[in-house]
Amino acid sequence: MAFQIPRGTQDILPGDSEKWQYVEQVARELCSRYGYREIRTPIFEHTELFLRGVGDTTDIVQKEMYTFEDKGGRALTLRPEGTAPVVRAFVEHKLYGSPNQPLKLYYSGPMFRYERPEAGRFRQFVQFGVEALGSGDPAMDAEVMALAMHIYEALGLKRIRLVINSLGDLDSRRAHREALVRHFSGRIDELCADCQARLETNPLRILDCKKDRDHELMATAPSILDYLNDESRAYFEKVKHYLAMLGLPFVIDARLVRGLDYYNHTTFEIMSEAEGFGAAATLCGGGRYNGLVEEIGGPEMPGIGFALSIERLLAALEAEGVELPTGEGIDCYVAALGERAKEEAVRLVYQLRRAGLRVDQDYVGRKLKAQLKAADRLKAAFVVMIGDEELDKQIATVKEMASGEQTNVPFGELASFFTERTRREGE
RNA sequence: GCGACUAUGGCGAAGUGGUUAACGCACCAGAUUGUGGCUCUGGCAUGCGUGGGUUCGAUUCCCACUAGUCGCCCCA
């Protein structure tokens, strides 16, 4: 093999690309319905943005960034996530001054993380995400979660679960952090090396450790929910209230911490409950990030958003047996016999395409039999056959492939013949 | 980044230290002189992930690399 695709990346070939288009189209339409508009930001940003935005104690920053220096000596990074760039654009273009508040945005595009690939995990993957900036209303939280769930349901996913938690505001987090340090510090040597380091850097993440999950200290560890101050508790109650009002079932997981530093108050994930989803069961992750806009250099402004992976979404659809369009099938295949007929076919194919039909013909010198076979393979609804007889009479032989029935249609009437037929079938 | 397993034609999949690498699907041709889907016949890997090594000889043994899968970590 001369060349291989870089590790953890993938080509999306015809047959699959149609599924991507469909899924993205559904997501875009729903975003539009909810009042979100698309924003497109660069694939790479200054490294500093992610250090500040994502947090330099996170795994993403510490070991997963594709960072490089350009010829001008600038430190750049292929974006590992979408929120920091969107907030950067929001601040840079002073969109906080827009009369439309909150500003509701969505994006779709590749993200890059230097990770060991496995099922559902890639080095380049596509996230579809939304960010609502400028609202600290718990109803906003509910809307964002509702939109994510709506996208999945619209595509036909049934076996999904919404998991939520609250990290509270800064004061609550600080109080909880202190409680965690107090709880673990006496016996920290009983936990794994990572957790020992986390005690210093980010004790909250200890709760998320899979290795020490069953340790007795975990079960007795102080829950963030017990350290929410009145304001944070009230906020979380409101969020739950709105979700209930919307009829959105959810479960609370006090250990749902999420991997990015900027989260506070509401965090959530949507998981697939279909079989075969291990590490990649998280289809969507999101949360509130009040304070991030300020961190990036803007005014104090709340925000909330989510990001979902298209790869995992497609995997979940596959696991649940949901059929997606494959782009197969054409309206008509024009088969020609002989040189004269070939010329007529070339003209006819173009004419029918101009009339709005999906039409194709032979370009590799197939005989009639092979042309019919090719038409069958292309899932053509009809085949137009042209030979000397047809040319003399200016009447084509038209075969309906499903039934095998043949009729004669004058050349001049072919376009309207097919337009009528295909339109009827499409409805 | 760590551990384990895997790598044969377009796809799936047998197989062996020694001249010709099963089989199925797909594809191409013919039986059908102007007609697809069924059937029959024939064709289709100077090649067994890449690079080294052992050997008289390797697709088969060893090493490295690359890639995939699974577990860990973490996430989308």
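Being a predicted model, the structure only gives us computed values, none of them experimental.
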Is A:Y333 close enough to B:G36 that one of its side-chain N or O atoms is under 4.0 Å from OP1 or OP2 there?
no
hbond_proxy A:R121 side chain to B:A76 base (donor-acceptor, 3.5 Å cutoff)
no
Can you tell me whether the side chain of A:K399 and the base of B:U35 have a donor-acceptor pair closer than 3.5 Å?
yes
Quick one: label [X] by what it contacts on the DNA or RNA (base, sugar-phosphate, nothing), any heavy atom closer than 4.0 Å.
X: A:G8; result: sugar-phosphate
X: A:L283; result: sugar-phosphate
X: A:Q371; result: nothing
X: A:G120; result: base
X: A:E390; result: base

With the side chain of A:E118 defined as its heavy atoms from C-beta on, choose the nearest nucleotide among B:G37, B:C72, B:G1.
B:C72
In whole angstrom, what separates A:K373's NZ from B:C28's C1'?
8 Å
If pairing requires Watson-Crick or G-U wobble contacts with both distances under 3.5 Å, which nucleotide is the partner of B:C28?
B:G42
Reading RNA chain B from 5' onward, which residue's closest nucleotide shows up sooner: A:R7 or A:M401?
A:M401
Result for 5'-nearest mapping on RNA chain B, choosing between A:A402 and A:I60, is A:A402
Within 45° of the ring axis of A:Y66 and under 6.0 Å from its six-membered ring centre, is that where the NZ or CZ of A:R113 lies?
no
Rounded C1' spacing from B:C48 to B:G12 in Å:
15 Å
Inter-nucleotide P distance (B:A58, B:G49), Å rounded:
15 Å
A:E390 and A:T397: side chain donor to acceptor below 3.5 Å:
yes
Considering only NZ, NE, NH1 and NH2 on the basic side and carboxylate oxygens on the acidic side, decide whether A:E311 and A:R121 come within less than 4.0 Å.
no
